[in-house]
J.: 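Just dropping this structure here.
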Amino acid sequence: MTHTLASTPAADGYRMPAEWAHHTGCWLIWPERPDNWRLGGKPAQAAFTAVATAIAATEDVTVAVSARQYDNARSELPDTVRVVEMSNDDSWIRDCGPTFVVNDDGDVRGVDWDFNAWGGLVDGLYFPWAADDAVARKVLEIEGIDRYKAHFVLEGGSIDVDGEGTLLVTAECLLSPGRNPGLTQPEIEALLRDHLGVDVVVWLPSGVYLDETNGHVDNFCRFVEPGKVMLTWTDDPTDPQYERSAAALKVLESTVDARGRSIEVVKIHQPGPIFITAEEASGVDSIEGTLPRETGDRLAGSYVNSYIGNDVVVLPVFDDPHDAAAVAAYTELFAPRRVVTVPGREILLGGGNVHCITQQQPSGR
């Protein structure tokens, strides 16, 4: 039985572990929205299957799927992947699902944030979003994990921790007017400390250029180990991304983490830039109230948007000249984990990538 707790994780001695901590499993949501995923979601479903298969090699994987797509998902996914029926609005479980927290005894609980489709009625990406807002609670009930209900808007892709008290966020996202306009930056930081068990919050100014999540940090800058981050980069000073990455680098180079360490920055050159083709745009249904996918739109491509599994790291690649350097960097950064590449373009066309569509469930070990 799952209980909803009246306290906060930090008050109870819980904290968000780093993604490289041991997982008992991983969750995804099956893609199907025809106004976001082209050709009825078929190409995206193949990409999600590749991601689920790669992760399932070393940890349990569960895919939540709507009733109308259950049979299709069950037939497409490997038998080793658990498929559960769950209503949803779209397939970004990193953002609508729970954030898991652990204590020193290895107990696991979950935080259920408010979800409003990345900006609600100000600049949210679709309406309604009620089914997505219920996903976190349903996941925790299925797993029998106690729940903290956080009464403020946050997505899992907007936070990244080292597991030792340091948190990365972007001001572009957390201070955006569509999320928590009644809260100041210090108030938001206090809520982050209470719900994630962190001591130091590193505020980067912004994220990836044209990222429709208002600059989620998981598409831009993430810890690879305590005291070391990978940062999306470009060597082209005329690219709008250059100024954003340079500003983040300046903050990181002047930051001391919760353990008193300076932060080492590893630059990962961005792919592309990548733009939507006419064929890709024509395959997406045009529906009022959702973000259009139009020919020539620049996509927020990034190699940082990966998944750190128990024994593998799942890295999106884009048939791009920068793919090889990203694979080489990951191979060095995450050894002895095996780097598994998956086609990232179809997921990117929907607005995110591998990290956005996954949510690790730590074992507490």
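From a predicted model like this one, the values you see are computed outputs, not experimental measurements.
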J.: If you measure from CG on N88 to CE on M86, what distance do you get to the nearest 0.5 Å?
T.: 8.5 Å
J.: Test side-chain hydrogen bond (donor to acceptor under 3.5 Å, both in side chains) on K267 and S245 and set out the steps.
T.: CA-CA 9 Å; K267 299 174 182 175; S245 295; over 6 Å; no
J.: Can you tell me if E225 has over 12 outside heavy atoms packed within less than 6.0 Å of its CD?
T.: yes
J.: Could you check D12, T99, D194 and say which one makes a side-chain hydrogen bond (donor to acceptor under 3.5 Å, both in side chains) with Y148?
T.: D12
J.: Membership question, hydrophobic clusters at under 4.5 Å side-chain separation (ILVMFWY): are W30 and V139 in the same one?
T.: no
J.: Check this for me, if you would: do R337 and D311 make a salt bridge, where the nitrogen-to-carboxylate-oxygen distance has to be below 4.0 angstrom?
T.: no
J.: To the nearest 0.5 Å, what is the distance between CG on D114 and CG on N180?
T.: 8.0 Å
J.: Apply the salt bridge (charged side-chain N to carboxylate O under 4.0 Å, His left out) test between E164 and each candidate in K228, R15, R261; give the one that qualifies.
T.: R261
J.: Measure the spacing between OG of S262 and CG of D257 and express it to the nearest 0.5 Å.
T.: 8.0 Å
J.: Hey, could you give me the CG/CD distance between N72 and Q69, rounded to the nearest 0.5 Å?
T.: 4.5 Å
J.: Take E172 and R179, measure what salt bridge (Lys or Arg N to Asp or Glu O under 4.0 Å) needs, and give me the verdict at the end.
T.: CA-CA 11 Å; E172 179 185 10; R179 285 178 171 81; over 6 Å; no
J.: Taking the six-membered ring for Trp, are W118 and W92 parallel (under 30°), tilted (30 to 60°) or perpendicular (over 60°)?
T.: perpendicular
J.: Can a side-chain donor-acceptor contact be found between H23 and Y307 if the only test is distance below 3.5 angstrom?
T.: yes
J.: Of the non-hydrogen atoms in V314 and A54, which two are nearest, and what is the gap between them?
T.: CG2-CB, 3.9 Å
J.: So which heavy atom on V217 is nearest to which on R222, and how close?
T.: O-CG, 4.0 Å
J.: Do H355 and N305 pass the side-chain hydrogen bond (donor to acceptor under 3.5 Å, both in side chains) test, and can you show the C-alpha distance, the side-chain angles, and the key distance before you say yes or no?
T.: CA-CA 5 Å; H355 196 253; N305 204 315; 4.8 Å; no
J.: Can you list the steps and then say if R147 with D112 is a salt bridge (Lys or Arg N to Asp or Glu O under 4.0 Å)?
T.: CA-CA 7 Å; R147 163 181 174 258; D112 176 3; 2.9 Å; yes
J.: Going hydrophobic residue to hydrophobic residue with side-chain gaps under 4.5 angstrom, can you get from V101 over to L5?
T.: yes
J.: Could you go through the side-chain contact (heavy atoms from CB on, under 4.5 Å) check for V63 and I29 one step at a time?
T.: CA-CA 5 Å; V63 178; I29 301 176; over 6 Å; no
J.: Assess the side chains of E155 and H216: does a donor N or O sit below 3.5 Å from an acceptor N or O?
T.: yes
J.: Could you state the interatomic distance from OG (S158) to CG (L167), rounded to the nearest 0.5 Å?
T.: 8.5 Å
J.: Ignoring hydrogens and angles, state whether a donor on the side chain of Q45 or E346 is under 3.5 Å from an acceptor on the partner side chain.
T.: no
J.: If every non-hydrogen atom of A281 is compared with every non-hydrogen atom of I276, which pair is closest and at what distance?
T.: N-CG2, 3.7 Å
J.: What I'd like to find out is whether the side chain of F275 reaches to under 4.5 Å of the side chain of D297, using heavy atoms alone.
T.: no
J.: Kindly indicate whether the side chain of P362, heavy atoms from C-beta on, has any atom under 4.5 Å from the side chain of V102.
T.: yes
J.: Among side-chain atoms of Q360 and R94, is any donor-acceptor pair under 3.5 angstrom?
T.: yes
J.: Quick one about D146 and T2 (side-chain donor to acceptor, distance below 3.5 Å, no hydrogens or angles considered), yes or no?
T.: no
J.: Quiz question: by atom type and distance under 3.5 Å, do the side chains of N103 and R109 form a donor-acceptor pair?
T.: no
J.: Going by atom types only, do N116 and W129 share a side-chain donor-acceptor pair under 3.5 Å?
T.: no
J.: Quick one: OG on S302 to NE2 on H269, what's the gap to the nearest 0.5 Å?
T.: 12.0 Å
J.: Within the structure provided, determine whether L252 and C221 are in side-chain contact (heavy-atom separation under 4.5 Å).
T.: yes
J.: Do you see a donor-acceptor pair shorter than 3.5 Å between the side chains of S66 and E32?
T.: yes
J.: So, E59 versus H22: side-chain donor-acceptor pair below 3.5 Å or not?
T.: no
J.: Find out if a path of hydrophobic residues (ILVMFWY) with successive side-chain heavy-atom gaps under 4.5 Å connects V208 to W233.
T.: yes
J.: Is it the case that W27 and Q359 place a side-chain donor and acceptor less than 3.5 Å from each other?
T.: no
J.: Is any side-chain heavy atom of T166 closer than 4.5 Å to one of F223?
T.: yes
J.: I'd like to know if the side chain of S206 pairs up with that of T170 as donor and acceptor (distance under 3.5 Å, no hydrogens or angles considered).
T.: no
J.: Measure across F48 and P31 and return the closest heavy-atom pair with its distance rounded to 0.1 Å.
T.: CD2-CD, 3.4 Å
J.: Surrounding CZ of R365 (heavy atoms of other residues, nucleotides or ligands, distance under 6.0 Å), is the total greater than 12?
T.: no
J.: Do you know which two heavy atoms are closest between W203 and V251, and how far apart they sit?
T.: O-CG1, 3.8 Å
J.: Ignoring hydrogens and angles, state whether a donor on the side chain of N353 or Y303 is under 3.5 Å from an acceptor on the partner side chain.
T.: no
J.: Side chains of Y242 and D235: is there a donor and an acceptor less than 3.5 Å apart?
T.: no
J.: Would you say L231 and V266 are hydrophobically clustered, going by side-chain heavy atoms of ILVMFWY under 4.5 Å?
T.: yes
J.: Going by heavy atoms in the side chains, are L349 and I347 under 4.5 Å from each other?
T.: no
J.: Going hydrophobic residue to hydrophobic residue with side-chain gaps under 4.5 angstrom, can you get from V169 over to I188?
T.: yes
J.: Could you check whether any side-chain heavy atom of V284 comes within less than 4.5 Å of a side-chain heavy atom of N36, counting everything from C-beta outward?
T.: no
J.: Is it true that the NZ or CZ of R33 lies under 6.0 Å from the centre of Y126's six-membered ring and within 45 degrees of the ring axis?
T.: yes
J.: Start with the C-alpha gap between L315 and V354, add the side-chain angles, then the distance that decides, and say whether side-chain contact (heavy atoms from CB on, under 4.5 Å) holds.
T.: CA-CA 7 Å; L315 170 67; V354 171; over 6 Å; no
J.: Write down the atom of A10, the atom of R193, and the distance for their closest heavy-atom approach.
T.: CB-O, 3.5 Å
J.: When you look at D95 and W113, which way does the side-chain hydrogen bond (donor to acceptor under 3.5 Å, both in side chains) test go after all the steps?
T.: CA-CA 9 Å; D95 293 345; W113 318 99; over 6 Å; no
J.: Side-chain donor-acceptor pair under 3.5 Å between D236 and T234, yes or no?
T.: no
J.: Just by distance, no angles: are the side chains of D211 and N219 close enough, under 3.5 Å, to form a donor-acceptor pair?
T.: yes
J.: Start with the C-alpha gap between D239 and Q270, add the side-chain angles, then the distance that decides, and say whether side-chain contact (heavy atoms from CB on, under 4.5 Å) holds.
T.: CA-CA 11 Å; D239 189 307; Q270 69 180 5; 3.0 Å; yes
J.: If you count heavy atoms of other groups shown closer than 6.0 angstrom to NZ of K149, is the number above 12?
T.: yes
J.: Taking C-beta and beyond as the side chain, do L174 and N214 meet within less than 4.5 Å on heavy atoms?
T.: no
J.: Below 4.5 Å, heavy atoms only, C-beta onward: do E280 and R293 meet side chain to side chain?
T.: no
